[in-house]
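Just so it is clear, the structure is predicted and the values come from calculations on it, not from any experiment. The chains referred to below are lettered A, B, ... by the order of the sequence lines, with proteins before strands, and numbering in each begins at 1.
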Amino acid sequence: MSELYLRVALPTPLRRLFDYRALADIPVSAWQPGVRVKVPFGSREVVGVVLHTTDTTEVPVSKLRTITELIDEKPLLPPSVMQLISWTSQYYQHSLGDTFSRALPVLLRQGEPAVAQKKLFYTAATDAQLDDVRVKNAPRQRQALQAVLQHKRGLAHEQLSSLELQKSSIDALLEKGLLHKEWRSVHQPPSNLPVLAQMPLALNAEQKVAFDSISQQLGRFKVFLLAGVTGSGKTEVYLHLIEQVLNKKQQVLVLIPEINLGPQTFSRFQQRFNVRVALLHSEVNDRERLNAWLAARDGQAEIVIGTRSALFTPFKNLGLIIIDEEHDASYKQQEALRYHARDLALVRARQADIPVVLGSATPSLESLHNANSGRYALLRLNTRAGTAKLPQFKRLDVRSLPLDSGISMPLQKAIERTLAAGQQVLVFLNRRGFSPVLLCNDCGWMGKCRDCDARLTLHQRYNELRCHHCGHVEKRPLACPGCESLQLHPVGEGTERAEERLQILFAQVPILRIDRDTTARKGALDAMLNTVNQGKPCILLGTQMLAKGHHFPRVTLVAILNADGGLFSADFRSSERMAQLILQVAGRAGRAQDPGEVIIQSHLADHPLLVQLTEQGYFAFAEQALSERRAAGLPPYSYMALLRAEAVSSIQVDNFLQDALALSEQLLAHYQLQQLECLGPVAAPMERRAGRYRAQLLFIAHKRKDLQQLLHALCFNLELLPSARQARWSVDVDPIDLF
DNA sequence: AGCACGCCGACT
DNA sequence: GTCGGCGTGCTC
């Protein structure tokens, strides 16, 4: 009888699998595809996933080593998720083993057993009473007993500190027999409660149409693009759909962007339904993530809400996927395995034969294109729920207007009016710090980063110059390092400078600056949001952080200080992103009964895209932008991939990319791929960053299949290239940033 | 990606 | 004398 070998996927960037000898004392039937193993790998021990068994191997027998340990009794993942991971690995040209590793919760990746942690609970003894003589003279114990009595299903040990109870009081009560302790699985038994915990809100006519169209398609693959203006009640449509799916005893996956909306969304969903809602979000720790993952896999969590990586969660019986804010860039992972969770959600839904709902007020051009071509069903919600009206836009051409710290006189007047009317103002400026440049008026010297091709941003509060692209920080020079002149002046404005100016202009109201610098401290953001929620006149000033998700019912004026960045940037997606950002920020205004006004300051106030966006709305803008993309042969009318490379010396980068180019051309000829262009090598828009030189090769194809064929062969060969060891390189399929 | 091995410079 | 710098090569 021949020996048994296992083909294992290991967490390494190498695009191949590794064969091992099976452990002799373990039955053959135990090595099922999808079980994890510990194996020796070089000088260390790593956790891998068994793909299949085999009795032949290409590897010389002398090189074969033996599995150290079998971790799982049953396959960790259902075949559907195994397939999804394998598809992802191929499509994004990433090592299968590393894809597996990144698709798993951290603890499983590290080899922890796949079992839900049990938690310690305290329950009151049947005869326990608060007036028991045994606690008469022990106020703290009485307090603890009262808390436990209030929690009919038991008080979890981890709740003690938040209830300000001492472990010693609990121990005393256990000793006296007034409490019992119990290790309980955090999984709750299936409840007989009705699915709904709360009456749903009534849907308006548009919502009803959207709901009906989708609910008719439950149980088969279909993509819906739910394009609803901000405040139109997309979430209510989701909740109605989820109710349907839960009634069919199926589960729902809801993906949300990587902003701080996890807990908010979680509580809204949890309030509505008597089912277990699991959260897979950055603020959830590794242990809880594992618990949530297992609960979804075993069918004990009916709803999973999570960011990008939650897409790989296994489900027992998935019935619907919802991608909220589908246009959001955080769905695309920007390092290592560069996958797009929205695109993979479609793959997953097709495989499970279930519908996907893509929701957004400002859909991506890709999705709109798919809706136009009939591949997705477009459902629009054009009216705001309740009495709220959409805001009015006003473009302010600042070429002829003097600006003081970025604020023009008409804007200042508008802010004054709004505050005087007892309302709130939101000022949006997508730039942190005091000023983006520190310039010497005498010799033209500018603060530049030592490690990047970038200017240093002045942070006045810390008296520092900082690089926003790497971690570099230096002290603000007193005199010009070039000519020793004292004429060093900040040029341009960031939020810090706008804050200073607004404080002078509107000393009577609070100015709340919300950006990465002011919210770094835990709780700082919540404190500021609380002030806003009190509803008194104030000015909210901030970056992107302000644009997404939050409700500011008392804000009736939104000011966008500088909308120019998106209109003349090199990246072909910048106008799309600008439009989405403007509408997202604008969507914060007038969400309650008061109508909102949006003032956009720009040097290009009559730019056609800006005019179209503000006068005819996002859809008109998108049509225009799409026709420009079509004319230029850009996505979604073509498919792109980027080969990025970086190294300490620019020569190493050049050598590698020249080799890659030669290889690509050979492969193009070999496969006879004519409708595939290879552009470059060119330096990245910021050539030097964090001390490394960066350049890239861009591939543009008419057909996805051609691109895939080329990339597959290219990656295989690049891995063997000597020059590839001198440079760090990666492939980005469907890049959303071209740098 | 890690990690070990290996061959040259400034230190107890 | 050796501690450690990072070039080079390998991982079943």
Side-chain angles (χ1 to χ4, degrees), chain A residues 2-24 26 28 30-71 85-86 88-90 92-104 106 108-111 309 333-339 451 643-656 659-660 689-694 714-732:
Chain A
S2 62
E3 206 182 344
L4 183 68
Y5 307 115
L6 303 175
R7 197 141 291 159
V8 185
L10 296 178
T12 156
L14 301 171
R15 291 168 170 81
R16 61 194 111 122
L17 300 170
F18 296 84
D19 293 348
Y20 285 87
R21 282 199 189 91
L23 282 167
I26 287 180
V28 177
W31 306 108
Q32 290 178 58
V35 295
R36 287 173 303 157
V37 286
K38 277 197 184 129
V39 294
F41 188 59
S43 59
R44 59 212 165 106
E45 187 172 75
V46 297
V47 175
V49 177
V50 172
L51 293 185
H52 56 89
T53 54
T54 169
D55 51 14
T56 56
T57 174
E58 316 268 280
V59 183
V61 203
S62 61
K63 281 192 155 189
L64 283 171
R65 298 168 80 180
T66 308
I67 300 270
T68 310
E69 183 192 333
L70 171 64
I71 300 174
I85 289 170
S86 151
T88 303
S89 149
Q90 279 178 35
Y92 292 104
Q93 308 297 335
H94 195 77
S95 129
L96 179 57
D98 201 54
T99 307
F100 262 107
S101 170
R102 288 167 191 278
L104 293 175
V106 174
L108 294 180
R109 196 185 297 177
Q110 293 167 350
S309 63
Q333 176 140 335
Q334 293 292 24
E335 87 287 300
L337 170 59
R338 295 170 173 266
Y339 68 99
D451 296 329
L643 175 64
R644 293 170 225 262
E646 60 171 65
V648 189
S649 116
S650 63
I651 301 161
Q652 294 169 324
V653 181
D654 290 345
N655 287 345
F656 169 70
D659 287 353
R689 179 164 173 170
R692 303 176 74 89
Y693 286 86
R694 311 174 317 140
L714 183 63
C715 287
F716 177 80
N717 286 293
L718 283 180
E719 216 171 273
L720 309 172
L721 219 56
S723 60
R725 261 176 288 152
Q726 314 278 326
R728 195 185 288 171
W729 61 276
S730 69
V731 177
D732 190 348

Chemist: Regarding Leu10(A), tell me which of base, sugar-phosphate or nothing describes its non-hydrogen contacts under 4.0 Å with the strands shown.
Modeler: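 It contacts nothing in the nucleic acid.
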Chemist: Show the nearest heavy-atom pair for residues Glu719(A) and Arg16(A), with the distance to one decimal.
Modeler: OE2-NH2, 3.8 Å
Chemist: Tell me: CG of Leu337(A) to C1' of dA1(B), nearest whole Å?
Modeler: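 Leu337(A) atom CG is separated from dA1(B) atom C1' by 15 Å.
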Chemist: Heavy atoms under 4.0 Å, any strand shown: does Phe41(A) hit a base, just sugar-phosphate, or nothing?
Modeler: base
Chemist: Can you tell me the distance, in whole Å, between the CD atom of Glu45(A) and the P atom of dC12(C)?
Modeler: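 Distance, rounded to whole Å: 12 Å.
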Chemist: Taking NZ, NE, NH1 and NH2 as the nitrogens, is one of them in Arg689(A) or Asp451(A) under 4.0 Å from a carboxylate oxygen of the other?
Modeler: no
Chemist: Should we say atom CG of Leu14(A) is surrounded by more than 12 heavy atoms from elsewhere, each under 6.0 Å from it?
Modeler: yes
Chemist: State whether Arg7(A) places a side-chain N or O below 4.0 Å from either non-bridging phosphate oxygen (OP1 or OP2) of dC12(C).
Modeler: no
Chemist: Can you tell me the distance, in whole Å, between the CZ atom of Arg692(A) and the C1' atom of dC6(C)?
Modeler: 13 Å
Chemist: In whole angstroms, how far is the C1' atom of dA1(B) from the CZ atom of Arg15(A)?
Modeler: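 Interatomic distance, CZ of Arg15(A) to C1' of dA1(B): 12 Å.
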Chemist: Using a 4.5 Å cut-off on heavy atoms from C-beta on, say whether the side chain of Ile67(A) contacts that of Leu6(A).
Modeler: yes
Chemist: Which nucleotide in the list dA4(B), dT11(C), dC12(C) gets nearest to the side chain of Ser43(A)?
Modeler: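 For the Ser43(A) side chain, the nearest candidate turns out to be dA4(B).
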Chemist: Mind checking Pro60(A) for me? I need base, sugar-phosphate or nothing, with any heavy atom below 4.0 Å counting as a touch.
Modeler: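 Here Pro60(A) touches no strand at all.
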Chemist: Are any of Gln726(A)'s side-chain N or O atoms less than 4.0 Å away from OP1 or OP2 of dG7(C)?
Modeler: no
Chemist: Rounded to the Å, how far apart are Tyr20(A) OH and dT11(C) P?
Modeler: 10 Å
Chemist: So if I take every side-chain heavy atom of Pro13(A) and compare against dG9(C), dA1(B), dC12(C), which nucleotide ends up nearest?
Modeler: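 Nearest listed nucleotide: dA1(B).
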Chemist: From CZ of Arg65(A) over to P of dC12(C), roughly how many Å is that when rounded to an integer?
Modeler: 5 Å
Chemist: Closest to the Leu64(A) side chain: dC12(C), dT11(C), dG9(C)?
Modeler: dC12(C)
Chemist: Check the distance between dA4(B)'s C1' and Arg44(A)'s CZ and give it to me in whole angstrom.
Modeler: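 Arg44(A) atom CZ is separated from dA4(B) atom C1' by 12 Å.
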Chemist: Any salt bridge between Glu646(A) and Arg692(A), counting N to O under 4.0 Å?
Modeler: yes
Chemist: Given atom CD of Glu3(A) and atom C1' of dC12(C), what is their separation to the nearest angstrom?
Modeler: 13 Å
Chemist: Of the listed nucleotides (dG9(C), dA1(B), dC12(C)), which one gets closest to any side-chain atom of Val59(A)?
Modeler: dC12(C)
